[in-house]
Amino acid sequence: MVTPAAVVCGIGGHVPERVVTNDELSSMLDTSDEWIRTRTGIRTRHVVEPGGSTGDLAVRASEAALRSCGRRAVDAVVLATSTPDRPCPATAPEVASRLGLNAAVAFDVAAVCAGFVYALATTSSMITSGIVDSALVVGADTFSTILAPTDRTTRAIFGDGAGALVLRKGQREERGVLGEFDLGSDGTGVDLITVPAGGSRQRSTGSAPDETETYFTMQGKPVFVEAVKRMSGSVTAVAARQGWGVADVDQFAVHQANARILAAMAENLGVPVERFARNIERVGNTVAASIPLALRDAVDGGSLSAGDRVVLSGFGGGLAWGSVGLVWPDLTPAESEENRAEGIPR
Ligand code: UT7
């Protein structure tokens with residue numbers, strides 16, 4: 001019997017309309033456009049309006065992805081997020097219902113900025129083992145809702161957004177087949193990226209948390225070093241398992257955490273930085289949405305085409321990281337509203 005493969009057949013994304021510029025942040029916090037641009041590469045980020053949610057963004061990205069491949073239905077919705085609409089239940093079932101997919105397999109995957117690759121691995125396994133024939137894999141986060149209002153560092157970096165790929169059952173020889181994965185974690189780094197309160201460890205104390213403990217915190221410097229090390233190693237492992245040299249990879253769709261991380265990885269790997277998909281200037285760090293949004297914008301902008309060898313790689317809280325390789329399929333992305341509004345070419 002021939003083992004089926006999981007094939008990428010659709011792509012879409014969505015960011016909220018509200019744009020926050022570096023100058024706007026500088027009017028509220030002790031920061032500057034110059035610091036943010038030179039230390040991170042970010043110029044703008046998008047944030048949800050009051051009452052908006054991760055699920056709202058996930059629905060919009062999923063609709064765009066389904067539209068891009070002319071599908072109305074899939075068997076599963078797997079949502080990577082660490083800012084669910086509620087602590088319980090998962091957000092994916094409601095997203096599936098809002099898409100009209102009432103009986104779909106639907107659950108969330110929590111691996112922070114590596115979440116999208118973990119969700120791809122899980123979904124790919126469900127397809128190759130015959131549990132489902134098709135799926136939406138969505139990465140969506142609204143970190144603007146968990147940042148401390150006075151934290152100039154995290155507020156400069158993070159933005160909200162969602163990105164989605166549609167997967168279908170196919171053959172191993174096709175373009176778009178999800179190939180080799182590399183996944184890993186190191187829980188000794190749990191405190192480097194964390195929201196200390198709100199989980200069982202704090203709630204079991206029976207005391208209300210200090211307000212500061214309810215916000216996201218990150219120790220930027222060690223996280224930067226780990227991000228470069230782990231993603232460089234993971235990308236190299238995937239390229240080798242695919243039977244490629246790192247220099248053979250046409251496009252690296254790497255988590256958009258900091259433009260300097262992309263530059264350091266390019267130097268480490270000995271490849272031109274131009275091969276790294278890059279939309280951090282416009283959307284900042286969108287956590288689980290980062291990789292699919294970078295892919296969508298690379299396709300929209302013409303730097304990623306059918307037949308290109310691509311490696312996706314994510315790293316973040318956990319610590320957790322993951323990468324996957326594929327030969328990019330022939331996709332027509334549904335034109336994104338914000339790209340059209342901002343005059344970014346398809
Ligand atoms: O998505 C998950 C994975 N996340 C990452 O990979 C993020 C990795 N880390 C980073 O990208 C960087 O470490 C940051 C962008 C978070 C910070 O950049 P940095 O160059 O490592 O700065 P730093 O934290 O060492 O801070 C340097 C200085 C400090 O001032 P002093 O102590 O030298 O006086 C900070 O207080 O810059 C200051 N600073 C700022 N100044 C103006 C920090 N944030 C800001 C800001 N505006 N927004």
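All ligand and atom numbering here is 1-based and tracks the order in the structure. These numbers were taken from a predicted model, which means no experiment stands behind them.
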Donor-acceptor contacts, no H, no angles, side chain residues 267-277, under 3.5 Å, sequence neighbours left out:
from	atom 1	to	atom 2	distance (Å)
Asn268	ND2	Ser232	OG	3.2
Arg275	NH1	Ala247	O	2.8
Arg275	NH1	Val249	O	3.0

> Taking both backbone and side-chain atoms of Thr153, is any N or O found less than 3.5 Å from an N or O belonging to ligand 1?
Replying inline: yes
>> Ala156 versus ligand 1: do any nitrogen or oxygen atoms come within less than 3.5 Å of each other?
In response: no
Is the closest side-chain donor-acceptor distance between [X] and [Y] under 3.5 Å?
| X | Y | answer |
| --- | --- | --- |
| Ser323 | Asp182 | no |
| Ser26 | Asp23 | no |
| Asp108 | Thr81 | no |
| Thr40 | Asn258 | no |
| Ser234 | Ser313 | no |

What residue and atom, counting heavy atoms only, is the protein's closest point to [atom], and at what distance?
| atom | result |
| --- | --- |
| atom 1 (O) of ligand 1 | Asn285 ND2, 2.7 Å |
| atom 11 (O) of ligand 1 | Asn258 ND2, 2.7 Å |
| atom 47 (N) of ligand 1 | Thr31 OG1, 2.6 Å |
| atom 2 (C) of ligand 1 | Cys113 SG, 3.4 Å |
| atom 19 (P) of ligand 1 | Lys221 NZ, 3.7 Å |
| atom 6 (O) of ligand 1 | Ile261 CD1, 3.2 Å |
| atom 17 (C) of ligand 1 | Trp35 CH2, 4.0 Å |
| atom 35 (C) of ligand 1 | Arg152 NH2, 3.7 Å |

I'd like to check [atom] in this structure: does the protein have a heavy atom lying under 4.0 Å from it?
| atom | answer |
| --- | --- |
| atom 31 (P) of ligand 1 | no |
| atom 24 (O) of ligand 1 | no |
| atom 37 (O) of ligand 1 | yes |
| atom 45 (C) of ligand 1 | yes |
| atom 27 (C) of ligand 1 | no |

>> So His46 and Asp160, do their side chains get closer than 4.5 Å, heavy atoms only?
In response: no
> Does some side-chain heavy atom of Thr21 sit less than 4.5 Å from a side-chain heavy atom of Arg43?
Replying inline: no
> Does Glu226 come within less than 4.0 angstrom of ligand 1, counting non-hydrogen atoms of the residue?
Replying inline: no
> In the single-linkage hydrophobic clustering (I, L, V, M, F, W, Y; side-chain heavy atoms under 4.5 Å), do Leu183 and Ile193 co-cluster?
Replying inline: no
Ligand 1 atoms in contact with [X] (distance to a heavy atom under 4.0 Å):
| X | answer |
| --- | --- |
| Met218 | 4 (N), 7 (C), 16 (C) |
| Arg39 | 20 (O) |
| Ile157 | 15 (C), 16 (C) |
| Arg260 | 18 (O), 19 (P), 20 (O) |
| Thr40 | 15 (C) |
| His255 | 1 (O), 2 (C) |

> What do we get for Val112 next to ligand 1 when only non-hydrogen atoms under 4.0 Å count, side chain, backbone, both or neither?
Replying inline: neither
> Under 30°, 30 to 60°, or over 60°: which ring-plane class applies to Trp321 and Phe315, parallel, tilted or perpendicular?
Replying inline: parallel
> Considering all heavy atoms of both residues, which atom of Glu94 and which atom of Arg86 are nearest to each other, and what is their separation?
Replying inline: OE1-NH1, 3.2 Å
Tell me if the [atom1] atom of [X] is crowded by more than 12 foreign heavy atoms within 6.0 Å.
| X | atom1 | value |
| --- | --- | --- |
| Glu213 | CD | yes |
| Arg172 | CZ | no |
| Glu17 | CD | no |

